[in-house]
Asks: 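Handing you a structure now.
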Amino acid sequence: MKKGKRIICIMVAAIMLMLPAAGCASRLSSNFDEREVQEKAEEIAELSCTGKIGEAYGMLSEMMKAQITEDQIRAGIEGTIEPLGDFEKISGTNISGQKDKDTGTEYALAIVMAQFSDGRAQFTISFDTEMNCIGFYIK
């Protein structure tokens, strides 16, 4: 009985932590073209999945390149996708918008799912209004 209560408490805590995050994403601003965001995000993800990491790195903004090297990006991508087997396809993409509450700056956020023979990876890629890739995360 005590174990059951503990599991329920953990689940409730997890749900409470997710609720604020759910409110962060919203409709894409009219300052972005949804198709362009999707195409560019999928291109970056596919290049990453097919070993063309240098090309994917070249698509990052200068600000990101100043903060992380190509070798660091390569290590992160390869370490994540190598156990997943052979790349098969991009299986889905979700596009949303975000707005910095302090500055009012708008961003596009793309969640790209990549399917591999033994699993899948999720890319989170963000763009500024000039379509510079200012965020890149893989899990």
Side-chain angles (χ1 to χ4, degrees):
M1 184 75 145
K2 192 172 189 174
K3 185 177 180 181
K5 285 184 180 181
R6 186 173 188 201
I7 291 172
I8 291 173
C9 287
I10 291 170
M11 289 174 53
V12 169
I15 291 169
M16 296 301 288
L17 290 172
M18 288 188 286
L19 287 176
C24 294
S26 61
R27 292 184 58 98
L28 187 63
S29 163
S30 61
N31 291 326
F32 294 95
D33 178 306
E34 185 171 352
R35 185 175 184 177
E36 182 182 8
V37 172
Q38 180 174 346
E39 288 174 357
K40 192 164 185 180
E42 288 178 357
E43 180 181 7
I44 292 170
E46 190 163 339
L47 288 169
S48 300
C49 292
T50 57
K52 298 175 184 169
I53 298 170
E55 289 181 53
Y57 182 79
M59 296 177 76
L60 301 180
S61 71
E62 293 304 315
M63 176 190 72
M64 282 199 61
K65 289 178 188 174
Q67 296 175 9
I68 191 164
T69 67
E70 183 177 334
D71 288 338
Q72 291 171 314
I73 289 282
R74 182 177 306 282
I77 291 171
E78 290 175 349
T80 302
I81 66 173
E82 278 182 3
L84 301 176
D86 296 327
F87 173 68
E88 295 177 350
K89 65 180 180 177
I90 298 297
S91 58
T93 303
N94 292 315
I95 307 296
S96 62
Q98 290 188 327
K99 188 173 188 176
D100 185 303
K101 66 180 179 178
D102 296 327
T103 65
T105 304
E106 296 177 316
Y107 302 100
L109 180 69
I111 307 295
V112 181
M113 298 303 297
Q115 186 65 46
F116 293 82
S117 58
D118 298 323
R120 61 183 177 179
Q122 176 180 303
F123 292 83
T124 303
I125 302 170
S126 53
F127 300 97
D128 63 15
T129 54
E130 323 257 292
M131 288 304 296
N132 295 309
C133 178
I134 57 164
F136 180 89
Y137 179 75
I138 180 174
K139 68 175 184 175

Asks: Got a second to check how far K101's NZ is from K99's NZ, nearest 0.5 Å?
Replies: 13.5 Å
Asks: Test: salt bridge (charged side-chain N to carboxylate O under 4.0 Å, His left out). Region: residues 60-69. Which pairs qualify, not counting sequence neighbours?
Replies: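 Every salt bridge (charged side-chain N to carboxylate O under 4.0 Å, His left out) pair that includes a residue of residues 60-69, provided the two are not neighbours, is E62-K65.
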Asks: In Å, rounded to the nearest 0.5 Å, how long is the span from CD1 of I77 to CD of E70?
Replies: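 Atom-to-atom, I77:CD1 and E70:CD are 9.5 Å apart.
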Asks: Using the side-chain hydrogen bond (donor to acceptor under 3.5 Å, both in side chains) criterion, which residues pair with T129? Sequence neighbours excluded.
Replies: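 For T129 there are no side-chain hydrogen bond (donor to acceptor under 3.5 Å, both in side chains) partners, ignoring immediate neighbours.
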Asks: Let's go through L47 and M59 carefully: what are the C-alpha distance in whole Å and the side-chain angles of both, what is the deciding distance for side-chain contact (heavy atoms from CB on, under 4.5 Å) to 0.1 Å, and is it a yes or a no?
Replies: CA-CA 10 Å; L47 288 169; M59 296 177 76; 3.8 Å; yes
Asks: Taking all non-hydrogen atoms of both residues, which atom of S117 and which atom of G85 are closest, and how far apart?
Replies: OG-CA, 3.4 Å
Asks: Can you tell me how far CD of Q122 sits from NZ of K139, rounded to the nearest 0.5 angstrom?
Replies: 5.0 Å
Asks: Is any side-chain heavy atom of Y57 closer than 4.5 Å to one of I44?
Replies: no
Asks: Can you find a pair of side-chain heavy atoms, one from I90 and one from E46, that are under 4.5 Å apart?
Replies: yes
Asks: Grouping I, L, V, M, F, W and Y whenever their side-chain heavy atoms are under 4.5 Å apart, do L109 and M63 come out in a common cluster?
Replies: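 L109 and M63: separate clusters.
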Asks: Taking C-beta and beyond as the side chain, do M131 and V37 meet within less than 4.5 Å on heavy atoms?
Replies: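 Answer yes - side chains close enough.
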Asks: For residues I95 and I111, determine if any side-chain heavy atom of one lies less than 4.5 Å from a side-chain heavy atom of the other.
Replies: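 With C-beta onward as the side chain, the pair stays apart.
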Asks: Can you check whether I125 reaches K40 side chain to side chain, under 4.5 Å on heavy atoms?
Replies: no
Asks: Identify, with sequence neighbours excluded, every residue that meets side-chain hydrogen bond (donor to acceptor under 3.5 Å, both in side chains) alongside E36.
Replies: none
Asks: Without swapping roles, check the side chain of T69 against the backbone of Q72 for a donor-acceptor pair under 3.5 Å.
Replies: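 Flag set: sc T69 to bb Q72 pair under 3.5 Å.
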Asks: Listed by chain and number, what are the side-chain hydrogen bond (donor to acceptor under 3.5 Å, both in side chains) partners of E43, not counting sequence neighbours?
Replies: none
Asks: Which heavy atom of L60 sits nearest to which heavy atom of C133, and what is that distance?
Replies: CD2-SG, 3.5 Å
Asks: Under 3.5 Å, is there a donor-acceptor pair linking the side chains of E42 and T93?
Replies: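 Side chains of E42 and T93: pair found under 3.5 Å.
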Asks: Set out, in order, the CA-CA distance, both residues' side-chain angles and the distance that settles side-chain contact (heavy atoms from CB on, under 4.5 Å) for T105 and D128, then state yes or no.
Replies: CA-CA 8 Å; T105 304; D128 63 15; 5.9 Å; no
Asks: Would a hydrophobic clustering, with Ile, Leu, Val, Met, Phe, Trp and Tyr connected at side-chain separations under 4.5 Å, put Y137 with I81?
Replies: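 Each belongs to a different hydrophobic cluster.
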Asks: Output all residues satisfying salt bridge (charged side-chain N to carboxylate O under 4.0 Å, His left out) with E34, sequence neighbours left out; order by chain, then residue number.
Replies: none
Asks: Can you name the closest pair of heavy atoms from S91 and A114 and give their distance?
Replies: OG-N, 4.3 Å
Asks: Check whether N132 reaches the backbone of I134 with its side chain - one donor and one acceptor, N or O, closer than 3.5 Å.
Replies: no
Asks: To the nearest 0.5 angstrom, please state how far the OG atom of S48 sits from the CZ atom of R74.
Replies: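 Going from the OG atom of S48 to the CZ atom of R74 covers 10.0 Å.
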Asks: Is Q38 close to V112 at the side-chain level, that is, under 4.5 Å between some pair of heavy atoms?
Replies: no
Asks: I need the S61 OG to Q67 CD distance, nearest 0.5 Å.
Replies: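 Those atoms lie 7.5 Å apart.
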Asks: Side-chain heavy atoms nearer than 4.5 Å, only ILVMFWY residues, links allowed to pass through others: does that put I138 and M113 together?
Replies: no
Asks: Could you tell me if the side chain of Q98 sits less than 4.5 Å from the side chain of S126, heavy atoms only?
Replies: no
Asks: Considering residues at least two apart in sequence or located in another chain, which fulfil the ring-ring contact (aromatic ring centres under 6.0 Å, His included) criterion with F136?
Replies: F123
Asks: Do the non-hydrogen side-chain atoms of D86 and F116 ever get within less than 4.5 Å of each other?
Replies: no
